[in-house]
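Shown next, in structure tokens, is the structure this report addresses.
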Amino acid sequence: MRSPAADRRRPTLWDGVVALVVVALAALLVFLLRPAGGSNLTAVITLDGVQVAQYQLDQLDQPITLTVDEGTYPLTIRAEQGRICIEHSDCPSQDCVRTGWISKPGQQIICLPNRLIISLFGSEPEPFDAVTG
Amino acid sequence: MSVSLQRLTRSAVLTALALALSVAEGLAPLTILVPLPGLRLGLANLVTVYALCRLSGREALLILVARCLLGSLLGGNLMALAFSLTGGLLALAVMALLLRLPGLSLFGVSIAGAAAHNTGQILAAIVVLGTPAPMVYLPPLLFCSLVTGAVTGGVSTLLVHRVPFPGKV
């Protein structure tokens, strides 16, 4: 195949256009995927499409450690006030562990080998009419 | 040497090279520096670009499919195969199309190829997981593909010029 691109040695203006298109698409996606605001932070943990746990992260008083061993590779999840991470996983890629702590609505940790997803959602605090106790 | 034997040998050597590149890349994953699932330099894409420029689209496709199948035998699983095939095929299609356009250099072609590869991977992840959740990773991956695409674009420019006509040796 004869291609003019193969004969060039330097980037052209049109390469810049390609780069701009990629940036524009990424920016559009960021805009479309922006999370709903809210001060409540909820973590939802799903394994293979089934929800296994849900935590109100901003209302946690002490750290929680959750071991999920129903998946292919057992893993340990640690939740603290306002943040959550996968502390340890037996999966080969370790991408989920390297993601580290997440703490903002819209953020996620995905462990693909396990088909496990931790998603953070923001929501408005539930209005209390009265607090007794 | 007969023409078909020459083509076969050429494709086999390039497949082995692509395989070696992707294994080498797996030994030092970029995700240690930037924790972003699916991020890689895409060195095996160099072979695809080279095959597209100096051989033919058909050979590029054959090399890609052989590399993905053999790669999943070497160290991956069925899921890894789905990822590399979807990403690789999409990148190949986009790059084959862009190479026909006048005005682009291999930098632009490689950036578009890297972006297409990432998009394909995310699409595969969405199908495997059954939720649109992995979409969140696409924008940062697209931004990174500018860098990885420019790097592999530079290397493939060198490669295509230094090794101009395989088979006429």
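The structure presented is a predicted model; accordingly, all values stated were derived computationally and were not measured. Naming convention: chains lettered A, B, ... in sequence-line order (proteins, then strands); numbering from 1 in each chain.
Residues B/Leu92 and B/Leu52 meet the side-chain proximity criterion, which asks for heavy atoms closer than 4.5 Å. Annotation: side chain of B/Leu81 is in contact with side chain of B/Cys68 (closest heavy-atom distance under 4.5 Å). Between B/Leu62 and B/Thr15 there is no side-chain heavy-atom pair separated by less than 4.5 Å. Residues B/Leu55 and B/Arg10 are in side-chain contact: their nearest non-hydrogen atoms beyond the backbone lie under 4.5 Å apart. At a threshold of 4.5 Å between non-hydrogen side-chain atoms, the residues B/Ser72 and B/Ser84 do not count as touching. A 4.5 Å side-chain heavy-atom check between B/Arg40 and B/Thr148 finds every atom pair outside the cut-off.
The parts of B/Leu106 that come within reach of chain A are both its backbone and its side chain, each placing non-hydrogen atoms under 4.5 angstrom from that chain. Heavy atoms of B/Ala112 lying under 4.5 Å from chain A belong to its backbone as well as its side chain. Residue B/Leu104 touches chain A through both its backbone and its side chain, counting heavy-atom pairs closer than 4.5 Å. Looking at B/Pro134, the atoms closer than 4.5 Å to chain A (heavy atoms on both sides) sit in the backbone and in the side chain alike. Residue A/Asp15 touches chain B through both its backbone and its side chain, counting heavy-atom pairs closer than 4.5 Å. Residue A/Leu33 touches chain B through its side chain alone, counting heavy-atom pairs closer than 4.5 Å. For A/Ser119, no part sits under 4.5 Å from any heavy atom of chain B, backbone or side chain. Both the backbone and the side chain of B/Val128 come within less than 4.5 Å of a heavy atom in chain A. Interface residue B/Ser145: only side-chain heavy atoms are found under 4.5 Å from chain A. Both the backbone and the side chain of A/Leu112 come within less than 4.5 Å of a heavy atom in chain B. The contact between B/Leu101 and chain A is made entirely by backbone atoms, counting heavy-atom distances below 4.5 Å.
A/Leu13 CG: 12 or fewer foreign heavy atoms inside a 6.0 Å radius. Within a 6.0 Å radius of CD in A/Gln62, no more than 12 heavy atoms belonging to other residues, nucleotides or ligands are found.
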**Request:** Check the pair A/Ile45, A/Tyr55 against side-chain contact (heavy atoms from CB on, under 4.5 Å), reporting the backbone distance first and the verdict last.
**Result:** CA-CA 9 Å; A/Ile45 302 167; A/Tyr55 298 116; 3.9 Å; yes
**Asked** A/Val68 and A/Asn114: side-chain contact (heavy atoms from CB on, under 4.5 Å), yes or no, with the steps?
**Response** CA-CA 10 Å; A/Val68 181; A/Asn114 269 321; over 6 Å; no
**Request:** Go through the steps for B/Leu61 and B/Leu89 under the test side-chain contact (heavy atoms from CB on, under 4.5 Å), then give the verdict.
**Result:** CA-CA 8 Å; B/Leu61 180 65; B/Leu89 286 177; 3.5 Å; yes
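B/Ile122 and A/Leu28 fall into different hydrophobic clusters, where Ile, Leu, Val, Met, Phe, Trp and Tyr residues are linked whenever their side-chain heavy atoms come under 4.5 Å apart, directly or through other members.
Taking chain A as the reference chain and counting heavy-atom pairs below 4.5 Å, the highest number among B/Leu98, B/Ile111, B/Val49, B/Val136 is found for B/Val136. For chain B, the option among A/Val23, A/Thr99, A/Thr46, A/Val97 with the highest count of heavy-atom pairs below 4.5 Å is A/Val23.
For residues 69-88 of chain A, a heavy-atom distance under 4.5 Å to chain B picks out no residue at all.
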